[in-house]
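What follows is one structure encoded as structure tokens, with my remarks underneath.
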Amino acid sequence: MNSNQTRHRRKTAILCLLLCLCMAGLAGRLVFLMLYRSEYYSGRAEDLHQRERTIKAARGRILDRNGEVIAANRTVCTISVIYNQVTDREQVIRTLSEMLPMDEEKVREKVEKRSSREIIRSNVSKETGDAIRACHLDGVKVDEDYKRWYPHGSLASKVLGFTGGDNQGIVGLEVMYEEILGGISGRILTMTDAAGIEITNTFEDRVEPVPGADLTVSLDVNIQRYAEQAAYETMERKGANRVSIIVMDPRNGEILAMVNVPEFDLNDPFTLNTEAPSGSTAKEKQELLNQMWRNPSINDTYEPGSTFKIITAAAGLEAGVVTLEDTFSCPGFRIVEDRKIRCHKVGGHGSETFLQGAMNSCNPVFIDVGQRLGVENYYHYFEQFGLKEKTGIDLPGEAATIMHRKEDMGLVELATVSFGQSFQVTPIQLITTAASIVNGGDRVTPHFGVRVTGADGTYVHDLSWPVKQGIVSAETSEKMRYILEQVVADGSGKKGAVAGYRVGGKTATSEKLPRSLKKYISSFIGFAPANDPQVIALITIDEPQGVYYGGTIAAPVIANLYQNILPYLGIEGEPLE
């Protein structure tokens, strides 16, 4: 009997001890949670009773070099419903379907969906948003938002790019400068009860958005308009696929205009600027949109043809393998190994100096200069001039130069490269290299971004761009300016002359691949004043119909453009004799 009582007491004591230990453990856990995890669980509880709505930040503006706004914002509204707060669903469905307007069944599907917040429609005009707000519909939220707006429509569309539904940049400068333009979104936090219904007369936590900064770019709206008008007129007159014009300040790489027609409407970027073939699939239409948005001045390469003779001439002069007075003989062709490479003048130019060969754009002369340089030396200057690297322009998707590997270059490849065939560059690479050769020899970085300012107009900082000094000597640069001025004054670029101004330049007519198609790209690169270049321009005309020679159809376009923009830029001409 006593032993049984003893066992029961022992069991009871053990049980009490275990209960005490459990209580102590629970008490310790409670103390831990209250003292060390209180903030965490308070936050979790707050999250359960808070509903968050995003306030989008105003996107920074883009302004041209004169302060004219070329990308801005318009206030729009986002209409949404909160399921638990809707008291009269039929009235909400009926009102929203009429005022937005939307199909009633689509509205019903969204209104009756059990979610914390369902967006009915975004990018609604402010007037419509205010009208819906005035209806005082329970559970319907009208939040102000921003939509990108481009005052000049299609102007510089392939440069500026556009934004998506979330107001983030997709292509062009909009995506390249997203960190500057984008800003930081804010938010609204409201308290709800256990059913998810907002509690009236409670404090609303609001974090204000930070607007994006403004970006000033080097584009000049007036020069862009002049160039765009010239490009469209040329495309229509010559029945070309497209026409591109780049206008740049050769002294610092600032781009004053970049036109790629046909352009597209920046305020309606998902509508094709040409009619899609009947029966096109969604994938095919998307590919057409991608092509429409593409910037050929940056994204596409081509065989430059005779405009590349600027590079061969500069390399030859810099290396000392040729002088302006050196004489050459052109019988209309040159035999290189087993190839007969022809001059554009079938009968040949006969005896001519190097200067005359440049003025005549004579292929055999430049083949000889290339052969004098040799593969090793030519490749050295190709790299020294920056042609093996991308220019570093502040636009996405820049294509790289397509060039023979040095070990694969024989005498034939060297000959064809010397006059601009059998390799490919982008238009921006060509004009940048030419600008760097004639500006005194400093390799500039082509760019649009100039300055960043706050939304309130306060100065933030200037953007800086690399310069590689001395890709050619000042003496070689001076000789190149003289040669190219003679090309326009009395050579193949005569139609690029502008009355009262000294203009230098070079024409080109390059045959597209495959050669059997007999399709061409006509181009002209010209700068002014020839003795002190302050502006340089390149035009490329893709597949012109009829006469296709660059000196005939491309040079006059730049001449007409310069007649307008040289006085506008304050560049003084010289008195006519």
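Just the heavy atoms: all of them, side chains too, but no hydrogens, waters or symmetry mates, feed the values below. Everything numeric here is computed off the predicted structure, so don't read it as measured data.
For Ser280 (side chain) and Pro277 (main-chain N/O), a donor-acceptor pair under 3.5 Å exists by modelled atom type. Distance alone, capped at 3.5 Å, is enough to place a donor-acceptor pair between the Lys238 side chain and the Gln545 backbone. Side chain of Asp394 to backbone of Phe448: a donor-acceptor contact under 3.5 angstrom is found. Side chain of Arg481 to main chain of Val438: a donor-acceptor pair is present (N/O by atom type, distance under 3.5 Å, no hydrogens or angles). Between the side chain of Thr307 and the main chain of Thr507, no donor-acceptor pair closer than 3.5 Å is present. A donor-acceptor pair under 3.5 Å is absent between the side-chain atoms of Asn66 and the main chain of Glu68, judged by distance alone. The backbone N or O of Ala227 sits nowhere less than 3.5 Å from a side-chain atom of Tyr232 that would complete a donor-acceptor pair. Between the Glu178 side chain and the Gly169 main chain, a donor and an acceptor come within less than 3.5 Å of each other. No side-chain donor-acceptor contact under 3.5 Å links Glu572 to the backbone of Leu566. The closest donor-acceptor contact from the side chain of Thr476 to the backbone of Val472 lies at 3.5 Å or more, if one exists at all.
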Full working for side chain to side chain contact (heavy atoms under 4.5 Å, CB included) between Leu387 and Phe308: CA-CA 11 Å; Leu387 287 157; Phe308 198 77; 3.9 Å; yes
Residues Asp442, Arg251; criterion side chain to side chain contact (heavy atoms under 4.5 Å, CB included); working and verdict: CA-CA 8 Å; Asp442 293 338; Arg251 298 168 295 183; over 6 Å; no
Steps toward salt bridge (charged side-chain N to carboxylate O under 4.0 Å, His left out) verdict (Lys494, Asp490): CA-CA 6 Å; Lys494 281 182 180 179; Asp490 199 27; 3.6 Å; yes
Derivation and outcome, side chain to side chain contact (heavy atoms under 4.5 Å, CB included), residues Thr301 and Thr401: CA-CA 7 Å; Thr301 58; Thr401 300; over 6 Å; no
Steps toward side chain to side chain donor-acceptor pair (under 3.5 Å) verdict (Tyr378, Ser418): CA-CA 9 Å; Tyr378 196 97; Ser418 298; 4.8 Å; no
Criterion side chain to side chain contact (heavy atoms under 4.5 Å, CB included) on Glu174 and Ile62, from CA distance to verdict: CA-CA 9 Å; Glu174 291 280 23; Ile62 302 177; 4.1 Å; yes
Steps toward side chain to side chain donor-acceptor pair (under 3.5 Å) verdict (Thr416, Gln421): CA-CA 5 Å; Thr416 54; Gln421 284 189 2; over 6 Å; no
Stepwise side chain to side chain donor-acceptor pair (under 3.5 Å) test for Ser154 and Asp265: CA-CA 4 Å; Ser154 63; Asp265 186 357; over 6 Å; no
CA sep, side-chain torsions, deciding dist, call: Ser361, Lys506, side chain to side chain donor-acceptor pair (under 3.5 Å): CA-CA 8 Å; Ser361 195; Lys506 187 72 192 72; 2.8 Å; yes
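Under the salt bridge (Lys or Arg N to Asp or Glu O under 4.0 Å) criterion, the residue pairs touching residues 289-315 are Arg242-Asp300, Arg294-Asp300, Glu303-Arg515, with sequence neighbours excluded. The stretch residues 533-562 participates, sequence neighbours left out, in these ring-ring contact (aromatic ring centres under 6.0 Å, His included) pairs: Tyr520-Tyr548. Pairs passing the ring-ring contact (aromatic ring centres under 6.0 Å, His included) check and including a residue from residues 235-257, sequence neighbours excluded, do not occur. Pairs engaging residues 534-549 under the salt bridge (Lys or Arg N to Asp or Glu O under 4.0 Å) rule: Lys512-Asp542, Lys512-Glu543, Lys519-Glu543 [sequence neighbours left out]. For residues 309-365, the pairs satisfying ring-ring contact (aromatic ring centres under 6.0 Å, His included) are His344-His349, Phe354-Phe366, with sequence neighbours left out.
For Asn377, the side-chain contact (heavy atoms from CB on, under 4.5 Å) criterion is met by Ala319, Leu373, His380, Tyr381, not counting sequence neighbours. Partners of Glu413 under the side-chain contact (heavy atoms from CB on, under 4.5 Å) rule, at least two apart in sequence or in another chain, are His404, Met409. With sequence neighbours left out, Glu233 forms a salt bridge (Lys or Arg N to Asp or Glu O under 4.0 Å) with no residue at all. Applying the salt bridge (Lys or Arg N to Asp or Glu O under 4.0 Å) rule to Lys518 yields the partners Glu511; only residues at least two apart in sequence or on another chain are considered. With sequence neighbours excluded, the residues satisfying side-chain contact (heavy atoms from CB on, under 4.5 Å) with Glu337 are Leu411, Val412. With sequence neighbours left out, the side-chain contact (heavy atoms from CB on, under 4.5 Å) criterion links Ala554 to Phe524, Ile539, Ile541.
Here the straight-line distance linking atom OG of Ser157 with atom CZ of Phe162 works out to 9.5 Å at 0.5 Å rounding. Remark: Ser436 OG to Ile311 CD1 distance equals 9.5 Å, nearest 0.5 Å. Atom CD of Gln229 and atom CG of Asn560 lie 10.5 Å apart (nearest 0.5 Å). The CG atom of Leu538 sits 6.0 Å away from atom OG1 of Thr540, with the distance rounded to the nearest 0.5 Å.
Side-chain atoms of Leu569 and Leu256, non-hydrogen and from C-beta on, do get closer than 4.5 Å to each other. Between Ile431 and Ile525 there is a side-chain heavy-atom pair separated by less than 4.5 Å. Taking the side chain as every heavy atom from C-beta outward, Ile393 and His447 never approach each other to under 4.5 Å. Residues Ile170 and Val175 form no side-chain contact, since every pair of their non-hydrogen atoms from C-beta on lies 4.5 Å or further apart. In this structure, Asn295 and Met258 have side chains that are in contact, with non-hydrogen atoms separated by less than 4.5 Å. Residues Ile310 and Met480 meet the side-chain proximity criterion, which asks for heavy atoms closer than 4.5 Å. Residues Arg372 and Val322 have side chains in contact (heavy-atom distance under 4.5 Å, counting atoms from C-beta outward).
Crowding of Glu383 atom CD: a count of heavy atoms from other residues, nucleotides or ligands under 6.0 Å exceeding 12. Enclosure of atom CD in Glu179 is not indicated, since only 12 or fewer non-hydrogen atoms of other residues, nucleotides or ligands lie within 6.0 angstrom. Counted within 6.0 Å of CD on Glu475, heavy atoms from surrounding residues, nucleotides or ligands total 12 or fewer; the atom is thus considered open. The local environment of CD in Glu478 is sparse, with at most 12 non-hydrogen atoms from other residues, nucleotides or ligands closer than 6.0 Å.
Applying side chain to side chain donor-acceptor pair (under 3.5 Å) to Arg443 and the options Thr433, Thr391, Thr432 leaves one that passes, Thr433.
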Sequence neighbours excluded and cut-off under 3.5 Å, please list the side-chain donor-acceptor pairs for residues 459-468, or say none.
from: Tyr459; atom 1: OH; to: Asp462; atom 2: N; distance (Å): 3.1
from: Trp465; atom 1: NE1; to: Gly449; atom 2: O; distance (Å): 3.1
from: Lys468; atom 1: NZ; to: Gln384; atom 2: O; distance (Å): 3.2

